[in-house]
Trainee: 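I'd like to ask you about the structure that follows.
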Amino acid sequence: MSSNGPQKSHATLRYTSMRASIFLGCLLLALLLGHFGIIPVSGEAGVIFLFLLAAVASAPLSYVLLSKQRDEMSSQITTKVAGLRSRTAERIATQNAEEDAADDAARAAASRQS
């Protein structure tokens, strides 16, 4: 488990699966409404309209219902990016120190030869 605890260890996966579930629920509702004639559907264009309707309906629902999961996911991503940045900065500082030491040694050897 990560340092975030068991509840936040897979925040991105949890948010994405919940978002997909909301979309599929909206799609099922739209298809049922189309099947029973409440929403007029004709041909492929009608089915595409039902998919678009489900996407448009699921967006605000996801925004409202999944705010906590979105915040957890954002926190998890921010933590990972900050860790990656600090490790990269440490690696660059180490490489710069090694290059400086090699440069100093080369200059010292050149000055001894002169």
Trainee: Show which side-chain atoms of residues 17-28 pair as donor or acceptor with protein atoms under 3.5 Å away, not counting sequence neighbours.
Mentor:
{"from": "Ser17", "atom 1": "OG", "to": "Leu13", "atom 2": "O", "distance (Å)": "3.1"}
{"from": "Ser17", "atom 1": "OG", "to": "Arg14", "atom 2": "O", "distance (Å)": "3.0"}
{"from": "Ser21", "atom 1": "OG", "to": "Ser17", "atom 2": "O", "distance (Å)": "2.9"}

Trainee: Look up atom CG in Asp71 and atom OG1 in Thr78, then write down how far apart they are to the nearest 0.5 Å.
Mentor: 10.5 Å
Trainee: Say whether Val56 and Leu31 are linked into one hydrophobic cluster, either directly or through other cluster members, by side-chain heavy-atom distances under 4.5 angstrom.
Mentor: no
Trainee: About how many Å separate CG of Leu50 and CG of Leu29, when rounded to the nearest 0.5 Å?
Mentor: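 Spacing of CG (Leu29) from CG (Leu50) equals 10.0 Å.
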Trainee: Can you hop from Leu33 to Leu52 via hydrophobic side chains spaced under 4.5 Å?
Mentor: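 Leu33 does not cluster with Leu52.
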Trainee: Consider only side-chain heavy atoms of I, L, V, M, F, W and Y, link residues closer than 4.5 Å, and tell whether Leu61 and Leu66 are in one cluster.
Mentor: yes
Trainee: Short question: side chain of Ser74, backbone of Arg70 - any donor-acceptor pair under 3.5 Å?
Mentor: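 A pair under 3.5 Å: no.
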Trainee: Does Ile48 belong to the same Ile/Leu/Val/Met/Phe/Trp/Tyr cluster as Ile38, with side-chain heavy atoms less than 4.5 Å apart forming each link?
Mentor: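 No, separate clusters.
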Trainee: What is the distance from atom OG of Ser86 to atom CZ of Arg91, rounded to the nearest 0.5 Å?
Mentor: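 Output value for this atom pair is 10.5 Å.
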Trainee: Roughly how far, to the nearest 0.5 Å, is CD of Glu72 from OG1 of Thr12?
Mentor: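 That separation rounds to 10.5 Å.
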Trainee: Would a hydrophobic clustering, with Ile, Leu, Val, Met, Phe, Trp and Tyr connected at side-chain separations under 4.5 Å, put Val41 with Phe36?
Mentor: no
Trainee: Working to the nearest 0.5 Å, report the span between CG of Leu32 and NE2 of His35.
Mentor: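 Atom-to-atom, Leu32:CG and His35:NE2 are 8.0 Å apart.
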